[in-house]
Amino acid sequence: MFVRANDTPVRPDNASVSRSRPVAVRLLHGANRAYVRMFHRLDVLTPCRLPPRGRAILICNHTSGLDPHLIQGICNRVVTWMMAKEYYERPVIRSLLDVVGVIPVTRSGRDTSATRAALRALDNEQLLGIFPEGRIAPTRDLLPFQTGVALMAIKTEAPVYPVYLDGTQRGLEMVRAFVSAQRASIAFGPEVKFDRGDTSREGLEAATAAMEAAVTALRDDVPNLRRRRGM
């Protein structure tokens with residue numbers, strides 16, 4: 001695994017992380033980092049811009065079931081992920097996901113229990129990871145973002161940070177993506193700015209459009225970023 005970046009990702013306060021996360025979570029976090037860095041090849045095109053502490057929301061396009069592991073593998077801060085319930089309910093994986101606090105989401109209909117869990121995570125000053133497309137996109141074209149992220153961001157006053165991920169893992173079944181070495185690229189963007197005072201339908205749609213535009217801009221800049229790094 002080769003992680004390429006000109007800047008070192010921001011590190012959180014290690015003491016605060018140790019107090020807020022059990023030993024098992026830190027061990028799993030370390031194991032995932034070793035898996036990503038030693039088995040896969042992940043090109044970091046822009047440095048991680050996530051805040052070192054405090055509530056925040058990470059939004060990213062969705063290419064495969066491997067995505068959370070690739071992102072977490074280069075984030076020094078542990079991410080609380082919202083995950084489709086069908087992945088969460090796989091028997092071998094569920095116990096591990098419970099340890100790291102994954103929030104299972106039912107994709108058919110509105111899952112109020114998942115939303116409440118996500119709001120609690122933000123109230124507890126955690127970093128929440130969300131794939132706003134709601135499902136894996138088959139191509140580099142983004143699927144429409146859902147407005148739930150905007151509502152949670154406004155309610156909790158959490159900043160939102162965009163991430164774009166692409167690579168050979170796109171479109172692969174979960175097992176194949178995990179057991180075959182993948183080559184992926186990732187780019188982090190600055191905080192998304194939008195009107196936080198408007199919770200009307202139009203306001204939420206405008207905020208969601210700003211988030212989608214931020215991820216799209218990262219996607220469109222990937223070829224330039226790769227050329228600058230000689231990739």
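Under the 4.5 Å side-chain criterion, counting only non-hydrogen atoms from C-beta, Leu66 is in contact with His69. The shortest side-chain heavy-atom distance between Ile103 and Met83 does not fall under the 4.5 Å cut-off. Arg226 is listed as a side-chain neighbour of Ser185, based on a closest heavy-atom distance under 4.5 Å. Looking only at side-chain heavy atoms (C-beta outward), Phe188 and Ile74 come within less than 4.5 Å of each other. Cys60 places none of its side-chain heavy atoms less than 4.5 Å from the side chain of Val215. Here the side chains of Met152 and Ile130 are in contact, with some heavy-atom distance below 4.5 Å. In this structure, Ile186 and Leu70 have side chains that are not in contact, with every pair of non-hydrogen atoms separated by 4.5 Å or more. Considering only heavy atoms from C-beta on, Phe194 comes within 4.5 Å of Ile154 through its side chain.
Here CG of Leu218 is found 9.5 Å from CG of Leu45. Values are rounded to the nearest 0.5 Å. Here the CH2-CG distance, from Trp81 to Asp67, works out to 8.0 Å after rounding to the nearest 0.5 Å. The line from CZ of Phe145 to CZ of Phe131 is 10.5 Å long, rounded to the nearest 0.5 Å.
Glu157 places no side-chain N or O within donor-acceptor distance of the main-chain N or O of Lys155, the cut-off being under 3.5 Å. Side-chain N or O atoms of Gln72 include one that pairs as donor or acceptor with a backbone N or O of Val79 at under 3.5 Å. Put simply, the side chain of Asn61 gets close to the backbone of Leu165: a donor and an acceptor are under 3.5 Å apart. Gln169 places no side-chain N or O within 3.5 Å of a backbone atom of Arg176 that could act as its donor or acceptor partner. Proximity of a side-chain donor or acceptor of Asn124 to a complementary backbone N or O of Gln126 within less than 3.5 Å is not detected. With hydrogens and angles ignored, the 3.5 Å screen pairs a side-chain donor or acceptor of Asp198 with a backbone N or O of Ser200. Between the side chain of Tyr35 and the main chain of His40, no donor-acceptor pair closer than 3.5 Å is present. A donor-acceptor pair is defined here as one N or O able to donate and one able to accept, closer than 3.5 Å; no such pair exists between the side chain of Asn32 and the backbone of Leu28. Without hydrogens or angle criteria, Glu133 side chain to Ile136 main chain gives no donor-acceptor distance under 3.5 Å.
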Between Leu128 and Leu58, is a side-chain contact (heavy atoms from CB on, under 4.5 Å) present by the stated rule, with each step listed? CA-CA 6 Å; Leu128 183 68; Leu58 176 161; over 6 Å; no
Please report the C-alpha distance between Glu191 and Lys193 in whole Å, then the side-chain angles of each, then the deciding distance to 0.1 Å, and finally whether the salt bridge (Lys or Arg N to Asp or Glu O under 4.0 Å) criterion is met. CA-CA 6 Å; Glu191 180 184 349; Lys193 301 297 184 181; 3.5 Å; yes
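For the residue pair Ser64 / Arg170, no side-chain donor-acceptor distance below 3.5 Å is found, with atom types taken as modelled.
The nearest pair of heavy atoms linking Arg219 to Leu142 is NH1-N, 4.0 Å. Scanning both residues, Gly65 and Pro68, for their nearest heavy atoms gives O-CD, 3.5 Å. Of all heavy-atom pairs between Ala153 and Val160, the closest is CB-CG2, 3.7 Å. Pairing each heavy atom of Asp141 with each of Ala137, the nearest pair is O-CB, 3.9 Å. Closest approach of Thr168 and Leu172 over heavy atoms only: O-CD1, 3.5 Å.
Residues satisfying the side chain to side chain contact (heavy atoms under 4.5 Å, CB included) test with Asp221, not counting sequence neighbours, are Asn224, Leu225, Arg228. Scored by the ring pair (Phe, Tyr, Trp, His ring centres under 6.0 Å) test, Tyr161 finds no partners at all (sequence neighbours excluded). Every side chain to side chain contact (heavy atoms under 4.5 Å, CB included) that Ala158 has, sequence neighbours left out, goes to Arg55, Ile57, Leu122, Thr156.
Transitive grouping of hydrophobic side chains (ILVMFWY, heavy atoms separated by less than 4.5 Å) keeps Leu143 and Val149 in distinct clusters. Clustering ILVMFWY residues whenever any of their side-chain heavy atoms sit less than 4.5 angstrom apart, transitively, puts Leu42 in the very cluster that holds Met174.
Here Arg140 pairs with Asp166 in a salt bridge; the nearest charged N to carboxylate O distance falls below 4.0 Å.
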